[in-house]
Amino acid sequence: MQTNQNDIELLEDKAKAEAIFGNSALAQMEEMNNQVPLDYFNQFEARALHAIKKNKTKATIFNIGKYAQLAVAASLLIIAATTFAYIQSNKSEQPASIALNMQEIPSEEIDSYVNANEEIAEIDWQSEINKEGTNLESLNTHSIKDSN
Amino acid sequence: MNIKDKALNLYGELLSNFVYMFSDQELILQFKQSSQKEAAFTQLLKRHQQKVYYQIKRMVTEHADADDIAQQVWVKVWNKLDGFKMESEFTTWLFRVAYNETLNFLQKQKKHHLQNVSADNLDYENAATTQDGPKSAQIQIALEQAIKQLPEKQRFVFMLRYFEELNYEKIASITGTTVGGAKANFHQALKKMEEILKAR
């Protein structure tokens with residue numbers, strides 16, 4: 001019953017269109033539309049399958065699967081979080097410990113450390129100057145000999 | 001051709017006839033069981049490729065464009081068929097894929113082809129004023145021009161209804177509208193084409 005009604009409705013719709021354009025114009029249009037190159041549909045199957053295979057290889061280059069993608073994302077997240085936490089802990093801990101240690105050291109101890117190091121520095125400088133002097137002397141004697 | 005070749009040909013024909021006995025749904029199930037994927041897909045393609053191509057060509061006119069879109073449609077079908085839940089007929093789903101691909105193409109083309117539309121109108125005017133040609137040829141050109149001026153959805157609905165003789169339920173599913181909407185689209189298309197013809 002429903003099919004019958006659908007058929008009647010279809011015939012009515014087609015008749016309305018044909019009343020405007022005429023049956024032959026619509027038929028001619030369809031005839032022109034259905035013109036395809038020779039053997040087109042026989043060759044289409046192979047070309048479509050080729051396009052599918054080409055598309056598949058393109059897609060599989062970056063397709064690493066859902067779980068692998070999740071694993072990679074999780075690893076990157078862990079690395080980023082660990083690095084961030086490490087940097088933050090270093091930033092907050094170091095200056096506090098240094099400040100605390102400096103305050104704990106008695107001033108006498110600091111003075112004696114500075115004095116002792118000054119002496120060492122002087123001794124070192126003196127010895128280096130002496131060493132340089134000997135080298136300079138030896139260089140001068142060589143140059144005098146060469147010029148003669 | 002030797003006996004072996006003849007036997008192989010006969011076997012091939014028998015096999016293809018046997019496969020043609022399967023319904024679309026059975027072929028889709030075979031496709032989903034990956035062992036027979038390509039064979040099942042090929043049969044679906046063979047069965048429906050002409051209808052898909054002709055419907056696309058009615059919309060885009062050029063064979064090369066229709067060919068490109070048809071290939072894209074079948075690539076999409078291959079990629080998405082595993083997810084097809086068979087809640088509608090396969091052909092409805094297939095035409096919906098074709099509809100979407102054609103609309104995408106036309107929207108891209110619209111940006112580049114505005115100049116061509118005016119050139120087409122010029123062709124029509126020349127043809128219409130030529131008195132030598134038969135009257136039917138003029139009507140033919142007028143019809144094509146009128147159809148070209150329709151909005152894409154109305155054009156698609158008109159083609160599906162008149163040439164593919166689909167019922168409105170199917171047309172509504174394909175174009176993503178209601179049955180009433182599909183009916184309205186068809187009648188609006190007729191009205192608009194009549195107006196265009198009268199204006200000329």
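Lettering follows sequence order; numbering is per chain, from 1.
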Q: Report yes if the side chains of Q43(B) and Q30(B) come closer than 4.5 Å at any heavy-atom pair, otherwise no.
A: no

**Q.** Pairs of heavy atoms under 4.5 Å with chain A: top-ranked of L143(B), V77(B), V75(B)
**A.** L143(B)

Q. Do N100(B) and F95(B) come within less than 4.5 Å of each other through their side chains, counting heavy atoms only?
A. no

Q | Heavy-atom pairs under 4.5 Å with chain A, option from M159(B), K183(B), K198(B) with the top count | A | K183(B)

Q) Looking at I52(A), L49(A), V36(A), which has the largest count of heavy-atom pairs under 4.5 Å with chain B? A) I52(A)

Q. Relative to chain A, which segment of Y162(B) carries a heavy atom at a distance below 4.5 Å: side chain, backbone, both, or neither?
A. both

Q. What are the residues of residues 64-74 of chain B, in order of number, with any heavy atom under 4.5 angstrom from a heavy atom of chain A?
A. D67(B), A70(B), Q71(B), W74(B)

Q | L190(B) versus chain A, the contacting section by heavy-atom distance below 4.5 Å | A | both

Q: Say whether N104(B) and Y99(B), considering side chains only, have a donor N or O and an acceptor N or O under 3.5 Å apart.
A: no

(Q) Restricting to non-hydrogen atoms, name the atom on L45(B) and the atom on A48(A) that form the minimum distance, rounded to 0.1 Å. (A) CD1-CB, 3.8 Å

**Q.** Atom pair OG1 (T61(B)) and CE (M59(B)), whose distance is rounded to the nearest 0.5 Å
**A.** 9.0 Å

Q. So, for K57(B) and E62(B), which heavy atoms are closest and what is the spacing to 0.1 Å?
A. CG-O, 4.5 Å

(Q) Can you list everything that forms a salt bridge (Lys or Arg N to Asp or Glu O under 4.0 Å) with K32(B)? Sequence neighbours excluded, please. (A) none

Q: Give a yes or no on whether the backbone of N42(A) and the side-chain of D39(A) come within a donor-acceptor separation of less than 3.5 Å.
A: no

Q | Residue from K51(B), R47(B), K170(B) passing side-chain hydrogen bond (donor to acceptor under 3.5 Å, both in side chains) with T91(B) | A | K170(B)

Q: Can you tell which part of Y54(B) gets under 4.5 Å to a heavy atom of chain A, answering side chain, backbone, both or neither?
A: both

